[in-house]
Structures are given as C-alpha cells and as structure tokens.
Amino acid sequence: MLRLLAISLVSVISCCSFAQNTSNHGNKFEPLGSMLPAGTLIRGADGAPGPEYWHQQCDYQIKCILDVEKLNLSGKETLTYHNNSPNTLKYIWIQLDENQHSVENDNQYFDPSGINNTMSETDLRLLNPSTEKEKYGVKIESVTNKNGQPLNYFINQTMMRVNLPEPIGLVAPPST
C-alpha cells in the first residue's frame, strides 16, 4: 500500500510539474526584458520617437457651401502634401470618413429586415435601407493637380488612392 501511495505521489508531482507555466509572462510584476523588441532609430524600445522619426504633413484649404434646405454640403478642397518620409511616394491615400455611412459601404448590407403582418410606411421604407442612405457619403466629382489637370484616383469605401503623375521625394528640411 505504501508503495502504491509513493507511485501515485510521484505521478501527481510529475503531472503538476508539466502543468506549470514555463512562460515568463505569468507574473505581472516581472521585468519585460526580451519580450519587447529592441529600439530602432525610428522608435525607441519604450515606443518614444527616435532621432529618425518622421510624420507626414498635409495642409488643407477648404471652401464649403451649406445648403440647409437640401441638407447638402458641397465644397472644394486644396491639399498641399509634404513628404517627410525617407520614401518616394507614387501615390497618396486620403481618408473619406463620411463614406462610412454611404450606401456603397459594405456595412450597409448587414442590417437585417423582416416583414410583419402590420407595418407602417416607415417600416416598409426601412426594408430597403439603402434608399434612405443615398444622400450620405462623399461624392468626388474630380481630382486635379494645381494646374487643373485630372489625376487618376480610386475610391475603396472610406479610402481614396490618388496616383501621382510624378513621385514626391523627401522634402528637404529648411537650411539654417
């Protein structure tokens, strides 16, 4: 009986040793050490900007007209893009947040609908929610360069890619 107890005890100890967490992230107060990547010239190990860190810059001039009766905002926008990155850009991306509400956005097709025995006019209209949302989103009429020449662009839901006729290189910092 004593021998059977000893074998059982050894089995329990060996199972427990395999079940122990050998990972170093089990203790929330332990140093992170090698779990974080080493710093680079762009970002330090702590995430702070390094000596070669950069941000892109874009200056905007926006002229708008608000038609309250038609619930329409129209306008013209001039962008001046400054490439501060070490890369040459052949295109730029522009965020079109208002297209999140556009009928063309995929998220508009997930609204479930159902037909009940009794429905109001509003309920019937909401069976096809896209008809209510046609007025939402950005309607781009043209994209041109500073000389008025059209630029090739593509809109994918909330993102617009503008292909540049000439690549934009790194903007030289002002000399001091």
Side-chain angles (χ1 to χ4, degrees), residues 25 32 34-114 120-176:
H25 6 347
L32 295 176
S34 64
M35 291 172 25
L36 294 177
T40 66
L41 292 173
I42 295 173
R43 285 230 180 247
D46 63 351
E52 292 185 15
Y53 182 81
W54 50 266
H55 275 288
Q56 296 294 51
Q57 178 183 340
C58 189
D59 299 325
Y60 302 87
Q61 288 184 345
I62 303 172
K63 296 180 183 177
C64 294
I65 298 170
L66 178 61
D67 186 337
V68 180
E69 290 180 16
K70 293 182 181 178
L71 298 176
N72 185 44
L73 175 68
S74 61
K76 181 179 179 179
E77 180 175 20
T78 302
L79 305 176
T80 304
Y81 197 88
H82 307 272
N83 181 14
N84 295 322
S85 80
N87 305 313
T88 299
L89 305 178
K90 296 180 181 176
Y91 54 86
I92 58 172
W93 288 99
I94 298 174
Q95 186 74 28
L96 304 174
D97 287 332
E98 185 57 31
N99 278 358
Q100 184 67 28
H101 308 289
S102 168
V103 68
E104 296 172 8
N105 197 345
D106 289 342
N107 72 354
Q108 303 303 324
Y109 298 103
F110 295 108
D111 294 336
S113 62
S120 69
E121 184 180 338
T122 302
D123 292 335
L124 290 172
R125 226 179 24 249
L126 291 176
L127 286 175
N128 188 4
S130 62
T131 58
E132 296 291 315
K133 297 180 179 182
E134 288 179 3
K135 60 187 171 194
Y136 297 113
V138 177
K139 309 289 189 260
I140 305 290
E141 293 178 4
S142 68
V143 177
T144 61
N145 67 9
K146 65 182 176 182
N147 299 324
Q149 298 167 327
L151 295 176
N152 184 13
Y153 67 95
F154 172 76
I155 297 175
N156 181 10
Q157 297 182 23
T158 60
M159 298 296 298
M160 178 171 70
R161 176 180 159 156
V162 178
N163 296 320
L164 303 171
E166 295 180 27
I168 302 174
L170 174 65
V171 176
S175 57
T176 53

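We find the OG1-OH distance between T144 and Y153 to be 10.5 Å, quoted to the nearest 0.5 Å. Residue I94 holds its CD1 atom at 5.0 Å from CG of L79, rounded to the nearest 0.5 Å. Atom OG1 of T88 sits about 7.0 Å away from atom CG of N83, to the nearest 0.5 Å. Atom CH2 of W93 and atom CE of M160 lie 10.5 Å apart (nearest 0.5 Å). Remark: K146 NZ to T80 OG1 distance equals 9.0 Å, nearest 0.5 Å. Separating the NZ atom in K76 from the CD1 atom in I65 is a distance of 11.5 Å, to the nearest 0.5 Å.
Proximity of Y81 to L89: side-chain heavy atoms (C-beta onward) are separated by under 4.5 Å at one or more points. By the 4.5 Å heavy-atom criterion applied to side chains, Q56 and N84 are counted as neighbours. Contact annotation: the side chain of C58 never approaches that of H82 to less than 4.5 Å [non-hydrogen atoms, C-beta and beyond].
Side-chain atoms of N147 never come within 3.5 Å of backbone atoms of Q149 as a donor-acceptor pair (strictly under, hydrogens ignored).
A donor and an acceptor atom, one from each side chain of Q61 and D59, are nowhere located under 3.5 Å apart.
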Task: T158 and Q95: CA distance, side-chain angles, deciding distance, side chain to side chain contact (heavy atoms under 4.5 Å, CB included) verdict - done: CA-CA 6 Å; T158 60; Q95 186 74 28; 3.7 Å; yes

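When all heavy atoms of R43 and P49 are compared, the closest pair comes out as NH1-N, 4.0 Å.
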